[in-house]
Amino acid sequence: MKSTLALEADGLVKVFGETRAVDGLDLAVSSGRVYGVLGPNGAGKTTALRMFATLLRPDDGRVRVFGHDVVADAESVRKLVSLTGQFASIDEDLTGRQNLILLSRLLGYSRMASREKVDSLLEAFDLAAAADRKAATYSGGMRRRLDIAASVVSTPGLIFLDEPTTGLDPRSRNQVWDLVRAVVARGVTVILTTQYLDEADQLADRIAVIDHGKVVAEGTPSELKASVGSGALHVRVRDPQRRAETESILSATLDASVRIGSDPATLSVAVSDTRRVARALGELSEGGIDVVSYALGQPSLDEVFLALTGHPAEDDTITTSKEDVA
Ligand SMILES: Nc1ncnc2c1ncn2[C@@H]1O[C@H](COP(=O)(O)OP(=O)(O)O)[C@@H](O)[C@H]1O
Ligand SMILES: [Mg+2]
């Protein structure tokens with residue numbers, strides 16, 4: 001019964017010298033979903049994924065993938081998972097097509113079945129036109145798409161995507177998001193790490209926020225955002241003399257305290273319910289207050305972090321990673 005979970009981690013620990021990279025991580029991931037692991041650089045995301053994927057042995061705790069222990073039953077786990085990202089096995093000297101053919105042949109597909117499978121993947125991942133170019137010539141976005149295509153050649157039950165969009169331009173980022181959605185629609189479970197709240201928000205059904213190798217918050221994207229407020233409304237008024245009046249109108253309609261900017265014409269308010277924003281702006285206009293500009297921003301990962309952990313996301317944990325010795 002319990003094995004309906006795609007992944008379950010209990011008290012997982014990995015120590016590198018003085019660094020407790022993963023420090024008592026607990027996670028329960030239902031199947032058929034996108035599960036987001038959100039955290040800043042150095043939080044322990046990659047280390048956790050590598051243990052999930054049997055590439056690194058835990059120092060303590062346990063992980064089960066569809067009920068199979070990653071240490072005791074690593075062989076079964078390897079048949080069920082696929083890891084892409086920093087550790088993908090794309091060969092630069094081969095074309096996109098050759099990479100996928102090679103992989104599917106290795107996985108035991110016949111020559112004919114490989115060819116068909118690869119054609120459909122190249123099509124689905126928008127790589128058909130570039131299929132016969134060396135992977136070395138691919139852009140970052142194309143490489144990421146080839147990477148994800150490679151990870152679904154075998155239709156695994158669970159895919160790990162380690163920061164699949166870090167460093168990509170917005171268009172490529174959107175393409176990768178669409179692919180992740182397409183992969184999940186086929187019934188695959190995806191565990192995705194990211195440093196971007198908006199990415200987790202767009203893709204994930206549930207999110208675990210991690211910090212110093214531990215889960216500090218877990219829930220649906222809306223639960224997490226609600227816990228820190230949905231965002232902030234930033235307003236600039238034409239006449240700085242009327243800022244005090246603006247402040248009282250905003251605090252009354254939005255039921256929140258207003259922060260005064262260092263610029264005498266600006267204010268910002270934490271917003272828990274964005275539907276109230278239009279009303280607040282309406283009240284200002286009725287009060288004869290001329291608003292030059294306004295912007296509604298989502299809380300950033302930094303704000304989420306600060307709210308959840310009491311410290312900023314960027315801190316002293318960013319160190320140069322040594323060569324893996326595992
Ligand atoms: N092979 C390693 N040897 C030593 N320290 C490591 C190694 N891998 C990761 N670390 C350290 O463990 C911490 C977590 O790293 P990592 O899992 O890569 O975080 P993230 O993927 O969230 O950025 C960091 O402090 C990092 O420097
Ligand atoms: Mg990482």
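One-based numbering, in listed order, for ligands and for the atoms of each. In this text, all values refer to a predicted model and were calculated from it rather than measured experimentally.
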- Could you tell me which atoms of ligand 1, counted from 1 in the order shown, lie closer than 4.0 angstrom to a heavy atom of A21? 12 (O), 13 (C), 14 (C)
- Does any N/O atom on T46 come nearer than 3.5 Å to any N/O atom on ligand 1? yes
- Item | side chain to side chain donor-acceptor pair (under 3.5 Å): pairs with one or both residues in residues 22-33, sequence neighbours excluded | R20-D23, D23-K214
- Query: What are the atoms of ligand 1, with element, lying closer than 4.0 Å to any heavy atom of N41?
  - Reply: 23 (O)
- Any heavy atom of A48 under 4.0 Å from ligand 1? The part involved is neither
- side chain to side chain donor-acceptor pair (under 3.5 Å): pairs with one or both residues in residues 276-297, sequence neighbours excluded: R238-D290
- Item | ligand 1 contacted by G42 (non-hydrogen, < 4.0 Å) | yes
- Is K45 in polar range of ligand 1, meaning some N or O pair under 3.5 Å apart? yes
- Taking atom types as modelled and ignoring hydrogens, do the side chains of T165 and E199 form a donor-acceptor contact shorter than 3.5 angstrom? yes
- Query: What about A43: any of its N or O atoms under 3.5 Å from an N or O on ligand 1?
  - Reply: yes
- R173 to Y196, cation-pi by 6.0 Å centre distance and 45° axis angle: yes
- Message: What I want to find out is whether D73 reaches R64 closely enough, with some N-O distance under 4.0 Å, to be called a salt bridge.
- Response: no
- Query: Hey, are R181 and D178 close enough for a salt bridge, meaning a charged N less than 4.0 Å from a carboxylate O?
  - Reply: yes
- Task: For ligand 1, note which part of T47 has a heavy atom under 4.0 Å away: side chain, backbone, both or neither.
- Result: both
- Query: Ignoring hydrogens and geometry, is there a side-chain-to-backbone donor-acceptor pair from K134 to E92 under 3.5 Å?
  - Reply: no
- Message: Below 2.8 Å, can you find an N, O or S atom of N41 next to the Mg ion (ligand 2)?
- Response: no
- Item | Per-atom contacts, ligand 1 versus P40 - under 4.0 Å to a heavy atom | 22 (O)
